[in-house]
Amino acid sequence: MTLGVDEIPLARPVLGEAEEAAVVAVLRSGQLSLGPCVPAFEEAFAARLGVAHACAVSSGTAGLHLALRAAGVTDGDEVVTSPFSFVASANAVVFERARPVFADIDARTLNLDPAAAAAAVTERTTAVLPVHIFGYPADLPAFERLGLPIVEDACEALGAVHGDGVAVGARGHSAAFGFYANKQLTTGEGGMVTTGDAAVKARIDSERNQGRAPDMGWLDHDRLGFNYRLSDIASAIGLAQLGRLDAMLAGRARAAALYRAALADIEGLGLPCEDAGGDRRGWFVFVVQLPRDTDRDETIRALRALGIQSKPYLPAIHLMTYYREVFGHRPGEFPVCEDVAARSVALPFFPELREGQVARVAAALREVLGR
Ligand SMILES: Cc1ncc(COP(=O)(O)O)c(C=O)c1O
């Protein structure tokens with residue numbers, strides 16, 4: 001999308017000399033893939049989170065797919081998950097010919113509701129896949145009490161921390177992070193699976209590389225695998241981004257605080273929930289819920305006319321054409337999710353968003369909503 005002169009974009013990565021130098025060093029080394037930057041990025045990422053292992057992969061989706069395989073999810077199994085997520089979290093279940101079984105979300109956190117998830121468990125359930133939506137920690141202790149394998153979708157949650165002080169992704173389950181360009185940390189495209197289990201690390205490392213075991217020779221493979229590798233170029237960018245992660249997270253938190261103050265008095269507008277119970281959000285997007293009597297598409301068009309990008313975020317997965325057609329879903333199944341999904345709008349949000357830009361967005365929203 002081309003930007004007008006004064007247009008405020010939805011997202012903008014922070015990239016600078018460190019990333020440039022890192023890429024140039026890899027190009028000069030001649031080793032563009034399967035080189036030293038991949039384990040270096042994995043080790044630094046794992047150390048940052050306080051988890052034993054990390055496996056770099058080509059996307060968050062690839063990470064979810066390999067993590068589900070490592071959890072043993074296969075043909076005909078059921079995986080309980082959230083319908084309020086990016087479609088990849090459910091798609092990864094379908095990749096393995098298993099069925100995503102949706103359960104409704106908690107109206108405050110917008111994460112999978114543990115009670116609804118428990119009610120959706122059957123004898124075919126092989127895993128639970130909570131999503132830390134918009135960077136807010138899902139209630140992992142509650143899901144852990146279900147006693148089932150857990151795969152976490154942490155694609156939006158780098159920097160988030162659970163109430164007990166453990167970083168999101170560091171509880172020992174497999175957790176997939178995503179590094180697409182709008183994320184807290186980006187490698188353009190990319191992802192990382194964290195895990196506390198050395199056997200899971202070995203399996204994912206093999207399956208991301210066509211099923212090759214570490215001690216096997218070139219072009220010898222002992223299992224089915226994929227090409228889900230992250231290149232050295234991308235890993236070098238990731239390492240440079242890790243060096244500025246604290247500053248980038250602080251920039252997002254600052255922008256969120258500015259929005260909260262600027263939007264607080266718009267009647268009927270829902271804001272992202274505040275941190276509670278010691279849980280800390282890793283800020284990713286700033287999503288508001290429009291008042292119930294508002295035409296969302298018209299609001300987005302009107303904001304655009306005022307030079308402000310925004311988008312509906314997120315649509316309910318079960319109501320997407322593919323999920324309706326293949327799994328027979330219909331409106332009304334998950335009322336909390338459907339209400340939230342129909343009213344959600346993501347506003348411009350990135351670490352370097354300036355106070356004046358936040359004020360412009362707030363004034364435009366007030367004008368468009370007539371409040
Ligand atoms: C919640 C969630 N899950 C999965 C993904 C997939 O990540 P990727 O785009 O890196 O494959 C994303 C990223 O957009 C996401 O936001």
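We use all heavy atoms of the structure for the numbers below, so side chains are in, but hydrogens, waters and symmetry mates are not. Counting starts at 1 for both ligands and their atoms, following the listed order.
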Could an N or O of ligand 1 be found under 3.5 Å from any N or O of Gly60, whether backbone or side chain? yes
Should the proximity of Thr61 to ligand 1, defined as any heavy atom under 4.0 Å, be assigned to the side chain, the backbone, both, or neither? both
Charged N to carboxylate O under 4.0 angstrom, [X] versus [Y]?
{"X": "Arg281", "Y": "Glu274", "result": "no"}
{"X": "Arg12", "Y": "Glu7", "result": "no"}
{"X": "Lys183", "Y": "Glu156", "result": "no"}
{"X": "Asp265", "Y": "Arg366", "result": "yes"}

Counting heavy atoms only, name the option from Asp153, Leu314, Ile133 that's nearest to atom 3 (N) of ligand 1. Asp153
Between the candidates Lys183, Glu156, Glu189, His65, which shows the shortest non-hydrogen contact distance to atom 13 (C) of ligand 1? Lys183
Any atoms of ligand 1 less than 4.0 Å from a non-hydrogen atom of Ser85? List them with their elements. 1 (C)
Which of the numbered atoms in ligand 1 are under 4.0 angstrom from any heavy atom belonging to Ser59? 10 (O), 11 (O)
Does ligand 1 have an atom under 4.0 Å from some heavy atom of Gly191? no
What about Ile233 and Met192, same hydrophobic cluster or not, with Ile/Leu/Val/Met/Phe/Trp/Tyr joined at side-chain heavy-atom distances under 4.5 Å? no
Taking all non-hydrogen atoms of both residues, which atom of Ala127 and which atom of Val73 are closest, and how far apart? CB-CG2, 3.9 Å
